[in-house]
Amino acid sequence: KAGAGDRLEVDLIATTASLAKAGHATQVVGRFVSASVSAGQRSFSVKLNPKARRAITRHHHLALKVKITLTPANGEATSLTRSVTLHA
């Protein structure tokens, strides 16, 4: 099977300012890791940490960057980053 044994990692990244903290740094607010994925489509869900859930409840939305990293069993990792906005 092509792609068997690949590692999938999805990180949800928010700015600390959007989480009501000082500064403009970033913080991982959710993570999904699958140690072994096969070729084809894969459904997943990522649970937000309590600070992110509190921010989305307070402001009714939360801007995030989604970083998807796929690492083949015998190769170099490939990453893709997209901006999304979650609405309550």
Side-chain angles (χ1 to χ4, degrees):
K1 288 163 69 173
D6 294 351
R7 174 185 163 90
L8 174 68
E9 183 174 343
V10 179
D11 292 323
L12 301 180
I13 303 165
T15 62
T16 54
S18 65
L19 299 175
K21 292 177 69 176
H24 296 287
T26 58
Q27 182 176 2
V28 175
V29 295
R31 174 173 279 170
F32 171 81
V33 177
S34 180
S36 179
V37 295
S38 58
Q41 292 184 348
R42 168 79 184 213
S43 295
F44 59 88
S45 61
V46 182
K47 186 175 179 180
L48 295 174
N49 70 13
K51 289 184 182 196
R53 286 195 303 267
R54 192 166 40 251
I56 199 169
T57 300
R58 184 182 314 120
H59 302 292
H60 305 291
H61 68 279
L62 180 62
L64 298 172
K65 291 207 182 273
V66 179
K67 181 178 179 184
I68 301 170
T69 305
L70 183 64
T71 307
N74 55 356
E76 191 174 319
T78 303
S79 292
L80 176 71
T81 304
R82 294 289 186 258
S83 295
V84 298
T85 302
L86 300 179
H87 296 275

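Keep in mind the model is a prediction, meaning the values are calculated, not measured.
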Query raised in the report: Given the rule in the side chain to side chain contact (heavy atoms under 4.5 Å, CB included) test, do Leu12 and Leu48 qualify, once you have shown the distances and angles that lead to the verdict?
Result: CA-CA 8 Å; Leu12 301 180; Leu48 295 174; 3.7 Å; yes

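When every heavy atom of Val37 is checked against every heavy atom of Arg7, the shortest pair comes out as CG2-N, 4.5 Å. Residues Ala63 and Ser18 approach most closely at O-OG, 4.5 Å, considering heavy atoms. Here the closest non-hydrogen pair linking Leu19 and Ala52 is CD2-CA, 3.9 Å. Closest approach of Val10 to Val46, counting heavy atoms only: CG1-CG2, 4.2 Å. Heavy atoms only, all atoms of each residue included: Pro72 and Asp6 are closest at CA-OD1, 3.3 Å.
Under a 4.5 Å side-chain heavy-atom criterion applied to ILVMFWY residues, the cluster that includes Leu80 comprises that residue alone.
Once rounded to the nearest 0.5 Å, the distance linking OG1 of Thr85 with NE2 of His87 reads 5.5 Å. The CG atom of Asn49 lies 8.5 Å from the CZ atom of Arg54; values are rounded to the nearest 0.5 Å.
Side-chain atoms of Thr57 come within 3.5 Å of backbone N or O of Arg53 as a donor-acceptor pair.
A 4.5 Å side-chain heavy-atom check between Lys67 and Ile13 finds at least one atom pair inside the cut-off. For the pair Thr26 and Thr16, the minimum side-chain heavy-atom distance is 4.5 Å or more. You'll find the side chain of Thr69 stays beyond 4.5 Å of the side chain of Thr78, heavy atoms only. Looking at Arg42 and Ser34, their side chains come closer than 4.5 Å, going by heavy atoms from C-beta outward. Inter-residue side-chain proximity for Leu8 and Ile68 is flagged as met; some heavy-atom pair is nearer than 4.5 Å.
Of the charged side-chain nitrogens involved, at least one lies within less than 4.0 Å of a carboxylate oxygen, so that Arg31 and Asp11 count as a salt-bridged pair.
Between Leu62 and the options Thr15, Val84, Ile56, a side chain to side chain contact (heavy atoms under 4.5 Å, CB included) holds for only Ile56.
Cluster annotation: Phe44 is not connected to Val28 through the hydrophobic network of ILVMFWY side chains, with a link wherever side-chain heavy atoms come within less than 4.5 Å.
Residues Lys65 and Thr81 bring no donor and acceptor atom of their side chains to less than 3.5 Å of each other.
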